[in-house]
Visitor: 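Handing you this structure, nothing more for now.
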Amino acid sequence: MEKIRNAITTIANFPKPGIQFRDITSLLECPEASRLTVEKLGHKCIDIDCNKIVAIEARGFIFGATLAQELSVPLVLARKPGKLPRATLQQQYKLEYGQDTLHIHRDSLQEGDRVLIIDDLIATGGTALAVVKLVEQVGAQVTHACFVVALPELGGVSRLQKAGVRVDYLLEYDSE
Ligand SMILES: O=P(O)(O)OC[C@H]1O[C@H](OP(=O)(O)OP(=O)(O)O)[C@H](O)[C@@H]1O
Ligand SMILES: Nc1ncnc2[nH]cnc12
């Protein structure tokens with residue numbers, strides 16, 4: 001796991017003063033660490049009983065796409081506004097450094113679906129919880145969520161767990 005940690009860069013005061021930004025672009029530029037990350041995520045997710053993966057724009061797409069292929073599960077994209085061409089469900093949410101909205105194609109999810117969320121990082125959990133609410137709008141359920149990085153001090157991991165989601169991640173960082 002140290003190889004993965006060493007490949008993730010920390011940028012102080014990005015995108016706002018006081019934020020320690022955990023940057024996975026440096027991880028992606030290191031093929032060995034990147035391959036190891038996908039392998040470890042695969043190990044975490046292989047036995048999860050889900051029939052859809054929802055990956056969150058933009059960094060979540062990178063890991064979600066690979067895992068969906070590996071687990072042979074359909075990949076559904078949760079996207080920022082104005083990107084999805086068919087009718088969508090939408091949900092607003094707050095970030096560690098702002099506010100945004102996520103959309104999912106209305107016809108990509110069906111009642112009874114069991115969803116695994118994939119993203120690069122969980123901080124406050126606002127983004128992942130927005131996906132939980134989106135999924136619940138159609139009578140489906142997020143059962144698991146898996147991340148490369150968690151910042152547990154910011155409360156997202158416990159918020160998701162309280163919402164009934166099983167949470168897994170590869171690496172933990174302090175928020176400072
Ligand atoms: O747990 P939270 O406090 O909600 O924060 C986590 C989210 O923040 C980042 O995405 P960002 O919105 O910066 O978008 P990006 O992936 O497009 O860079 C990250 O990729 C997660 O999706
Ligand atoms: N500290 C952080 N680093 C990288 N991505 C983030 N998304 C929310 N908080 C973040």
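Atoms within each ligand, like the ligands themselves, are counted from 1 in listed order. Model, not experiment: these values are computed from the prediction.
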Visitor: Salt-bridge test for Glu32 and Lys3: reply yes if a basic N is under 4.0 Å from a carboxylate O, no otherwise.
Guide: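 Salt bridge: yes.
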
Visitor: Under 4.0 Å from any heavy atom of Ala123, which atoms of ligand 2 are there?
Guide: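 In order of number, 8 (C), 9 (N).
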
Visitor: Measure Asp120 to ligand 1 on non-hydrogen atoms and call it side chain, backbone, both or neither using the 4.0 Å cut-off.
Guide: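 The side chain, only.
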
Visitor: Numbering the atoms of ligand 2 from 1, which are under 4.0 Å from a heavy atom of Leu121?
Guide: 3 (N), 4 (C), 5 (N), 6 (C), 7 (N), 8 (C), 9 (N), 10 (C)

Visitor: Taking only heavy atoms of Leu151 into account, list the atoms of ligand 2 that are under 4.0 Å away from them.
Guide: 1 (N)

Visitor: Using a 4.0 Å cut-off to any heavy atom of Gln20, which atoms of ligand 2 qualify?
Guide: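 Contacts of ligand 2 toward Gln20, numbered from 1: 1 (N), 2 (C), 3 (N).
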
Visitor: Determine whether the side chain, the backbone, both or neither of Glu57 has a heavy atom under 4.0 Å from any heavy atom of ligand 1.
Guide: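 It is the backbone that gets close, since no side chain atom is under 4.0 Å.
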
Visitor: Please state which part of Thr124 comes within less than 4.0 Å of ligand 1, counting heavy atoms only: side chain, backbone, both or neither.
Guide: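 Under 4.0 Å from ligand 1, Thr124 contributes backbone and side-chain atoms.
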
Visitor: On the ring face of Tyr173, is Arg5 found with NZ or CZ under 6.0 Å from the centre and within 45° of the axis?
Guide: yes

Visitor: Pull out every atom of ligand 2 sitting under 4.0 Å from any heavy atom of Arg59, numbered as shown with elements.
Guide: 4 (C), 5 (N)

Visitor: Can you tell me which portion of Val149 lies within the under-4.0 Å heavy-atom range of ligand 2? Options are side chain, backbone, both, or neither.
Guide: neither

Visitor: Is Lys16 touching ligand 2 with its side chain, its backbone, both, or neither, if touching means heavy atoms under 4.0 Å apart?
Guide: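 Neither; no heavy atom under 4.0 Å.
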
